[in-house]
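Numbered from 1 within each chain, the chains take letters A, B, ... in sequence-line order. Only a predicted model underlies this, so the values are computations on that prediction, with no experimental measurement involved. Atoms considered below: every heavy atom in the structure, side chains included; atoms not considered: hydrogens, waters and symmetry mates.
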Protein chains: 2
Amino acid sequence: MWEILGGDLERVIITALEAAGAPEKTTRLVARHLVDNDVIGHHSHGVMRLREYVDAIDRGSLIPDARPRITDESTSTARIDGGWAFGQAAAEFAVDVAVRKAREAGVSAVTIRRVCHIGRLGRYAEMAAEAGMAAVIFTCGGGRGINQAPFGGLDRKLSSNPIALAFPSELEGPYVVDMATSAAAEGKVRMHRAQGRETPDGWLIDRNGNPTTDPRDLYDGGALLPMGHTEGHKGYALAFMVELFGGILSGGGVPGDPADSFSNDSVFIVLDPGRFAPIDELTGRAARMTDHIKDTRLRDPARPVKYPGEIEAAARTANRNEPIRLPEATRDGILSVLRDLSLPEPAALRRGL
Amino acid sequence: MWEILGGDLERVIITALEAAGAPEKTTRLVARHLVDNDVIGHHSHGVMRLREYVDAIDRGSLIPDARPRITDESTSTARIDGGWAFGQAAAEFAVDVAVRKAREAGVSAVTIRRVCHIGRLGRYAEMAAEAGMAAVIFTCGGGRGINQAPFGGLDRKLSSNPIALAFPSELEGPYVVDMATSAAAEGKVRMHRAQGRETPDGWLIDRNGNPTTDPRDLYDGGALLPMGHTEGHKGYALAFMVELFGGILSGGGVPGDPADSFSNDSVFIVLDPGRFAPIDELTGRAARMTDHIKDTRLRDPARPVKYPGEIEAAARTANRNEPIRLPEATRDGILSVLRDLSLPEPAALRRGL
C-alpha cells in the first residue's frame with residue numbers, strides 16, 4: 001500500500017488526462033469523480049480506472065474532447081448524444097439538464113447514449129439530491145459488457161445494470177441507493193480476484209452453469225447471477241427493465257446488438273419534491289422516520305442500521321483531509337500511464353507507507 | 001376447491017359492493033381488479049379480499065362512495081387525496097391522471113395518499129403500458145402495515161414496500177415487474193400458512209430475531225427480511241427509498257407516524273417513450289432483445305426464461321374463458337359477506353368441483 005493526499009492525487013490525474021488530450025474543464029471533472037470514489041472507499045470506480053480510460057482514448061473508443069449534446073428536447077425531456085465523451089462528463093451534463101428541467105417542469109426525464117464508463121452511479125444521484133431533487137437512474141452497458149445470466153439461464157445475457165435512487169435529506173448526506181441488479185457488481189468480483197478471496201455463494205456461475213465461489217470463473221466464460229439468490233427472479237426482472245429504460249429508451253445499445261463499444265446508456269428521471277410539499281417539511285419528516293427505523297434491536301450490536309447513503313456520507317466527512325491509501329497496483333497503473341505520456345514521475349507518487 | 005366463471009364472480013362481487021354502499025362505477029372497477037387477479041393466479045389480491053374490504057367499510061376506514069380528488073397540480077405533476085376511497089379506484093384515477101399528463105408533458109409524477117389497499121401494483125403498471133407509456137411506481141403502507149425488518153435489524157420497521165415498473169411491448173403483454181422489496185410479499189407468507197407449508201430460508205425472522213421457516217412466526221411478532229438474503233442491504237435500501245418516494249413525497253404516512261389506518265401511499269411516475277423515439281421502433285428493438293435474452297442454456301429445461309410480465313400475460317390469455325378455481329375458504333368468505341348484507345346466495349356460488 002501507499003498513500004497520497006486527495007489534492008495531490010487529483011493534480012496527477014489532471015496532468016495525465018490533459019496530456020491524453022482532454023480539455024482542462026474535463027480533466028478537473030473526471031479527476032474529481034475518480035478521487036471522490038477513492039475518498040469514500042469505492043476504489044473500483046477510483047483512480048485505478050485511469051489506465052483503462054487512457055487505453056480507450058488510444059483505441060479511439062473514448063474521445064477526450066468530445067462534448068455531449070442535446071439532440072432533441074422539450075420542457076421536461078431531453079435526449080443526449082454523449083459523442084463517446086468521458087462518461088463522467090456526459091452523465092454530469094445529463095444530471096444538470098435533468099435538474100434544470102425538473103426545477104422548471106416539476107419532473108424530467110433525460111437519456112444519454114454513446115457514452116463511456118460513467119463510474120459510480122450514486123454520485124449522480126447525490127448531485128441531484130444536493131440540488132434538492134429526488135432522482136431515479138437506470139444504467140445499462142449497451143451492447144457490450146454483458147456479464148449477467150437471466151434467472152434460470154446459464155448464459156451471459158444482460159449487464160450488471162445498476163439502479164440508483166436519491167432523495168434530499170437534512171442529515172450528513174442525501175438518501176442514496178446505488179446497486180447492481182446482479183448479486184454483486186463486476187468490480188466487486190474483480191477485487192475478490194485481486195485479493196485471492198472466494199466470492200460469496202449466490203454471486204457467480206462458471207462457464208458450465210455450475211455455482212462457483214472462484215472469482216476467476218467470471219473471466220473464463222462464467223456469469224454473474226441476478227440479485228436475490230432464490231428470489232433471483234426479482235433481480236433479473238429489474239435488470240431486464242433497466243435494459244428497456246436505459247438502453248432502448250435512450251436509443252443506445254442493448255444485448256444482442258452487434259455493438260462495437262461498451263456504452264453506459266442511461267435515463268435520469270428527476271423530480272422536484274418542492275412541488276409536492278415544502279422541502280423542509282419533507283426532509284424533517286424523513287429525518288424522524290430515519291431515527292425510528294434505526295432504533296431497532298440488532299443482529300450484531302457492532303453494526304447499527306444505517307440509512308441508504310450514510311456510509312458514503314460518513315466516509316467523505318471522515319476522510320476528506322486524510323491521505324488516501326491505495327494498492328501498489330494502482331500506483332503502478334498511474335506510473336505506466338505517465339511514462340506512456342512522457343510525463344515525469346511526480347514526488348507525490350513516491351511516498352510509501 | 002370450487003370453480004366459477006369470471007363473469008359470474010364479477011357479478012357476485014358487484015352485488016356485494018353495491019349493498020355495502022359503493023356507487024355502481026366503483027363496484028365494477030373494484031370487481032374487475034379482484035377477478036382479474038384471480039384469473040392470472042394472484043389470488044392473494046383476488047376476491048378473497050372482499051371480506052376485509054367490507055369489514056373496513058363497517059369500521060369506517062374505507063369510504064365506499066368517496067371520490068379521490070386532485071388537491072394540487074401542474075402540467076406534469078399532481079397530488080391526489082384518496083379520501084379513503086377503494087384503493088383500486090384511487091390508484092386507477094392516479095394512473096389516468098399520470099398518463100394524461102405524461103402524454104401532454106412527456107413525463108409526469110402523481111402522488112396519492114389516504115388510500116385503502118390498492119391491490120396488485122402490477123395492474124396499474126400494465127394500464128400505463130397498455131396506454132403506450134413507461135411507468136415507475138413506488139407504494140408503501142403508510143404508518144401501518146409495518147412488517148419488514150431493516151437489514152441487520154430485528155424489529156419490524158418498514159412495510160413490504162413494492163416497486164412496479166412497466167414498458168410497452170409488441171408481445172402478448174407489456175413488460176411489467178411488480179415486486180415486494182422484502183424477500184416475499186406478506187400475502188405469500190399468508191398463503192404458506194394457509195396451506196401448512198414452511199416458508200423458504202431467508203424470508204422470515206421470529207419475534208426474537210432468529211431465522212425461521214414457520215410462516216406463523218410472522219403473525220406472532222416476527223418480521224419479513226429484506227430481499228437479497230446475504231445481499232439484503234439492497235432490498236432494505238430499496239424499501240427505505242420507497243417510504244421516501246411513496247410516503248414522504250405524497251404527504252402520506254410513514255413508519256413511526258401515529259397512524260390510525262393503513263394507507264397505500266404511492267407515487268406514479270409515467271414517461272411517454274414516444275418522446276424519445278417512434279414507439280414501433282422501441283418495441284421492435286425490445287422484442288429482438290427479448291428473443292436474444294431468452295435464447296440461453298437453462299438450469300431446468302422445463303423452465304424457460306421469460307420476460308417480466310410474461311407469466312401474467314400468458315395466464316390472462318389462457319384463463320380468460322376458463323372457470324376460476326378457488327379454495328373453499330374464499331367461498332366461505334364471500335358467503336359470509338352476502339349473509340351480513342342480507343343478500344341471497346347466488347346459484348353460481350353453489351358449484352363445487
Identify which of [options] forms the greatest number of heavy-atom pairs closer than 4.5 Å to chain A.
{"options": "Val254(B), Leu244(B), Thr77(B)", "answer": "Leu244(B)"}
{"options": "Ala183(B), Ser74(B), Ala184(B)", "answer": "Ala183(B)"}
{"options": "Leu154(B), Ile269(B), Val176(B), Val107(B)", "answer": "Leu154(B)"}
{"options": "Ala134(B), Gly309(B), Ala166(B)", "answer": "Ala166(B)"}
{"options": "Val136(B), Val305(B), Val177(B), Leu249(B)", "answer": "Leu249(B)"}
{"options": "Asp72(B), Leu165(B), Ile205(B)", "answer": "Leu165(B)"}

Cut-off 4.5 Å, heavy atoms of chain A, and the answer for Leu271(B) is side chain
Verify, without hydrogens or angle tests, whether [X] (side chain) and [Y] (backbone) share a donor-acceptor contact under 3.5 angstrom.
{"X": "Lys234(B)", "Y": "Thr181(A)", "answer": "no"}
{"X": "Ser76(B)", "Y": "Ala105(A)", "answer": "yes"}
{"X": "Arg299(B)", "Y": "Gly209(A)", "answer": "yes"}
{"X": "Arg79(A)", "Y": "Arg275(B)", "answer": "no"}
{"X": "Tyr236(A)", "Y": "Pro308(B)", "answer": "no"}
{"X": "Arg297(A)", "Y": "Asp155(B)", "answer": "no"}
{"X": "Lys157(B)", "Y": "Lys294(A)", "answer": "no"}

What are the two closest heavy atoms between Leu238(A) and Leu238(B), and how far apart are they? CD1-CD1, 4.5 Å
Of all the heavy-atom pairs spanning Pro150(B) and Thr296(A), show the shortest one and how long it is. CG-CG2, 4.2 Å
Parallel, tilted or perpendicular: which one describes the rings of Phe167(A) and Phe245(B), with boundaries at 30° and 60°? perpendicular
Can you check whether Met289(B) reaches Phe240(A) side chain to side chain, under 4.5 Å on heavy atoms?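 Of all side-chain heavy-atom pairs linking Phe240(A) with Met289(B), at least one is under 4.5 Å.
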Less than 4.5 Å to any heavy atom of chain B: does that hold for the side chain of Leu158(A), its backbone, both, or neither? side chain
Atom group of Ser250(A) that falls short of 4.5 Å from chain B, counting heavy atoms: neither
